[in-house]
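Quick note on labels: first sequence line is chain A, next is B, and so on, each numbered from 1.
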Amino acid sequence: GAVVSQHPSRVICKSGTSVKIECRSLDFQATTMFWYRQFPKKSLMLMATSNEGSKATYEQGVEKDKFLINHASLTLSTLTVTSAHPEDSSFYICTLPVGTEAFFGQGTRLTVV
Amino acid sequence: QKEVEQNSGPLSVPEGAIASLNCTYSDRGSQSFFWYRQYSGKSPELIMFIYSNGDKEDGRFTAQLNKASQYVSLLIRDSQPSDSATYLCAVWYGQNFVFGPGTRLSVLP
């Protein structure tokens, strides 16, 4: 069964609106969650690392004010894309590290029109 | 900067043949190595992981690791059309994963 549940799987939104993506850890305490972004035919690029009860760590070049990450509990991490624009259209994936393994959410296909 | 490199492909093999996928990494401090398979529009799914030098076999899949050469490979025996996907090599550096760009494999019936 799934270890990480990510919702929604697909979302289409209008330019300028915000979209929240949720990742729930079903079997493990999620003290850390990785958020990746994947462009078509490209690999996963780490955007940020969310940490339960503290601020997220963002990778260089990722706008903190645009990609808001909240990790308020050991089961839930959220990524909110604020004031979305068409260039934010992408595949977003959360990843739960457990030891030296990684469990992926199902991914969210965001399309901004 | 930690880098993971793969040939982007596409790699085409006939059904029943052996597919060989290669990956190199830049940081000798790398601890663990993973191969993921990703179908179009889906999240990656773990195929195998390997920590120690040598070969590790699981069914039709064999992972090979050579830390001296900073090289890890995945062999798929008796390739099936259902194996057609993008294969991502990932390296765990102790704090996060770094993914290669992926190799697109096409198994021709």
Next item on the list: Mark yes or no for whether His7(A), through its side chain, and Arg24(A), through its backbone, hold a donor-acceptor pair below 3.5 Å.
Entry: no
Next item on the list: Please answer whether the main-chain N or O of Thr75(A) pairs with a side-chain N or O of Ser73(A) as donor and acceptor at a distance below 3.5 Å.
Entry: yes
Next item on the list: Spell out the residues in residues 37-52 of chain B that have some non-hydrogen atom less than 4.5 Å away from a non-hydrogen atom of chain A, in order of number; otherwise answer 'none'.
Entry: Gln38(B), Gly41(B), Lys42(B), Ser43(B), Pro44(B), Leu46(B), Phe49(B), Tyr51(B)
Checklist line | Interchain contact, Phe103(A) with chain B, by part (heavy-atom threshold 4.5 Å) | finding: neither
Checklist line | Side chain proximity check, Tyr25(B) to Cys23(B), heavy atoms < 4.5 angstrom | finding: no
Notebook entry, point to check: For Lys55(A), does the NZ atom sit with more than 12 other heavy atoms under 6.0 Å from it, leaving out its own atoms?
Noted result: no
Margin query: Any side-chain to backbone donor/acceptor pair from Tyr58(A) onto Phe67(A)? Under 3.5 Å, distance only.
Written below: yes
Margin query: Under 4.5 Å side-chain heavy-atom separation, chaining through any Ile, Leu, Val, Met, Phe, Trp or Tyr, what else clusters with Ile12(A)? Say none if it is isolated.
Written below: Val113(A)
Next item on the list: Using heavy atoms and a sub-4.5 Å threshold, report which of residues 80-88 of chain B line up against chain A, by residue number.
Entry: Leu88(B)
Notebook entry, point to check: If you count heavy-atom pairs under 4.5 Å with chain B, which of Gly107(A), Pro97(A), Ala102(A) comes out on top?
Noted result: Ala102(A)
Next item on the list: Pick one of side chain, backbone, both or neither for Leu44(A), based on which atoms fall under 4.5 Å of a heavy atom in chain B.
Entry: both
Margin query: What part of Gln38(A) gets within 4.5 angstrom of chain B, counting heavy atoms only: side chain, backbone, both, or neither?
Written below: side chain
Note to self: Is there a ring pair (Phe, Tyr, Trp, His ring centres under 6.0 Å) between Tyr36(A) and Phe99(B)? Walk through the geometry before answering.
What the structure shows: CA-CA 10 Å; Tyr36(A) 289 91; Phe99(B) 288 87; 5.2 Å; yes
Item checked: Non-hydrogen atoms of Cys13(A) and Ala84(A) that approach each other most closely -> SG-CB, 4.0 Å
Next item on the list: Please name the pair of heavy atoms, one in Thr103(B) and one in Leu21(B), separated by the smallest distance, quoted to 0.1 Å.
Entry: CG2-CD2, 3.7 Å
Item checked: Test item: Gln6(A) side-chain N/O and Cys94(A) main-chain N/O as donor-acceptor pair under 3.5 Å -> yes
Notebook entry, point to check: Between Leu105(B), Leu108(B), Ile18(B), which is the residue that forms a side-chain contact (heavy atoms from CB on, under 4.5 Å) with Val13(B)?
Noted result: Leu105(B)
Margin query: Go through it in stages, so that I can follow the logic: the residues are Glu22(A) and Lys20(A), the test is salt bridge (Lys or Arg N to Asp or Glu O under 4.0 Å), and I'd like the CA-CA distance, side-chain angles, deciding distance and then a yes or no.
Written below: CA-CA 7 Å; Glu22(A) 293 187 347; Lys20(A) 179 185 282 189; 5.1 Å; no
Check: What residues of residues 53-70 of chain B sit under 4.5 Å from chain A when only non-hydrogen atoms are counted?
Finding: none
Check: Is any side-chain heavy atom of Val62(A) less than 4.5 Å from a side-chain heavy atom of Arg37(A)?
Finding: no
Checklist line | Thr95(A) (side chain) donor-acceptor with Phe104(A) (main chain) under 3.5 angstrom | finding: no
Check: At a heavy-atom separation under 4.5 Å, does Phe34(B) approach chain A through its side chain, its backbone, both, or neither?
Finding: side chain
Check: Do Thr80(A) and Thr82(A) have side-chain N/O donor and acceptor atoms under 3.5 Å apart?
Finding: no
